[in-house]
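Read the structure below first, then the notes.
Just so we're on the same page: letters track the sequence lines, and every chain starts at 1.
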Protein chains: 2
Amino acid sequence: MSPSRLTPWPVLATTVEGDYPVFRLLRERARSPRTGACLDFFVLETRDWVTVLPLTEDEQVVLVRQYRHGVKQLTLEIPGGLIDPGETPAAAALRELQEETGYTAREVIPLGRVQPQPAIQNNICHTFLARGVTRVAAPTPDDGEDMEVVTVPLTELEDRVRSGEIAHGLVLAALYRFELWRRDHPGTP
Amino acid sequence: MSPSRLTPWPVLATTVEGDYPVFRLLRERARSPRTGACLDFFVLETRDWVTVLPLTEDEQVVLVRQYRHGVKQLTLEIPGGLIDPGETPAAAALRELQEETGYTAREVIPLGRVQPQPAIQNNICHTFLARGVTRVAAPTPDDGEDMEVVTVPLTELEDRVRSGEIAHGLVLAALYRFELWRRDHPGTP
């Protein structure tokens with residue numbers, strides 16, 4: 001990283017505003033190193049996440065359509081979710097893949113780390129490519145999830161983005177990391 | 001979009017858990033159309049956002065390095081922020097570009113809509129390409145922002161992603177939409 005004159009803001013006090021199923025909401029009072037002013041920032045403290053782009057041997061992408069309570073719409077996404085305590089990111093990717101789609105993978109390849117929302121969330125999302133995926137079971141969504149498995153040829157994936165059907169920021173971030181990975185590994189997916 | 005058997009979850013009750021500078025936190029009790037069970041979901045209600053990828057005539061990308069309170073690190077990002085009430089997304093993109101970098105643009109081109117976090121946020125982020133950007137003033141960051149302007153050749157941008165220096169999910173999402181735009185407009189920018 002090129003040099004910078006910027007420095008962290010010292011945190012003077014942290015208060016838990018609320019404790020919810022997916023995150024804790026923290027109020028953090030911090031002091032600006034530039035102006036000396038003290039300001040409150042609100043941060044969602046949550047576990048790290050994973051996303052996984054599952055590809056079959058014949059270059060079909062295994063997606064999940066689901067109802068999302070934030071936007072109150074159906075979305076089309078790659079599988080993903082929270083990493084369990086003690087679980088490695090790669091293990092979480094395989095677990096979420098199987099829970100949400102019933103597929104397992106021959107191998108998972110890390111595509112890089114993404115910050116879901118660095119202004120207001122403390123966590124990172126580990127992105128993976130899963131290759132040689134095959135269906136081994138029925139999906140096992142939890143009570144809060146309604147989902148369907150949708151397979152799309154890899155060659156049609158970007159048109160699903162152009163049309164707006166795939167619009168989840170972390171999914172587009174994973175697709176960009178996958179683009180870079182393909183440039184670095186010509187002749188594969 | 002291909003047909004789906006999934007349907008929205010009826011919301012039975014909404015409670016405001018907290019009202020913060022950037023978002024309101026809502027508790028929404030909703031009923032699963034699949035199981036009939038009633039569950040609480042927590043949603044951040046916030047204004048829509050913009051991001052803007054600023055390109056100079058000689059294909060330099062104008063980035064901002066800033067301290068982010070969620071991850072407590074310096075990040076390297078494209079400019080962006082909240083749309084003001086009554087403001088169009090394109091006007092917000094130009095305003096954020098000038099506030100954060102001091103640059104203005106010959107034209108802004110929409111690259112598409114992204115859902116920052118469809119599970120827990122209700123908003124969307126409008127992404128733009130700004131072409132022909134030139135520096136016309138000093139940046140005017142607000143009290144909560146510490147930032148530096150960093151210009152990077154477009155040809156080096158993806159290496160900043162590979163290295164992890166650019167890791168913000170919404171920035172990678174904008175870069176993916178920009179990739180698709182370039183495929184659709186060969187010979188540009």
>> For a quick test of reading the model, state the closest non-hydrogen atom pair linking T75(A) to P118(B) and the distance between them.
In response: CG2-CB, 4.1 Å

> Of the non-hydrogen atoms in L25(A) and F23(B), which two are nearest, and what is the gap between them?
Replying inline: CD1-CZ, 3.9 Å

>> If I measure from the heavy atoms of chain A, does A119(B) come under 4.5 Å with its side chain, its backbone, both, or neither?
In response: both

>> Between R177(A) and V161(B) (side chain of the first, backbone of the second, donor and acceptor by atom type, cut-off under 3.5 Å), is there such a pair?
In response: yes

> Quick one: does V11(B)'s side chain get under 4.5 Å of K72(A)'s, heavy atoms only?
Replying inline: yes

>> Using side-chain heavy atoms (C-beta onward) and a distance below 4.5 Å, is Q115(B) in contact with R68(A)?
In response: no

Examine whether an atom of [X] lies under 4.5 Å from a heavy atom of chain B, and if so say whether it belongs to the side chain, the backbone or both; otherwise answer neither.
X	value
L39(A)	side chain
R113(A)	backbone
R5(A)	both
V43(A)	side chain

>> Using the ring pair (Phe, Tyr, Trp, His ring centres under 6.0 Å) criterion, which residues pair with F41(B)? Sequence neighbours excluded.
In response: H69(A), W9(B)

> Is V149(B) isolated, or which residues cluster with it under the ILVMFWY side-chain rule of less than 4.5 Å, directly or via members?
Replying inline: V50(B), V52(B), V62(B), I83(B), L94(B), L97(B), Y103(B), V108(B), F128(B), V133(B)

> At what distance, to the nearest 0.5 angstrom, does CD of Q117(B) lie from CH2 of W49(A)?
Replying inline: 3.5 Å

>> Looking only at heavy atoms and a cut-off of under 4.5 Å, which of E45(A), E28(A), E179(A), E77(A) has the most pairs with chain B?
In response: E179(A)

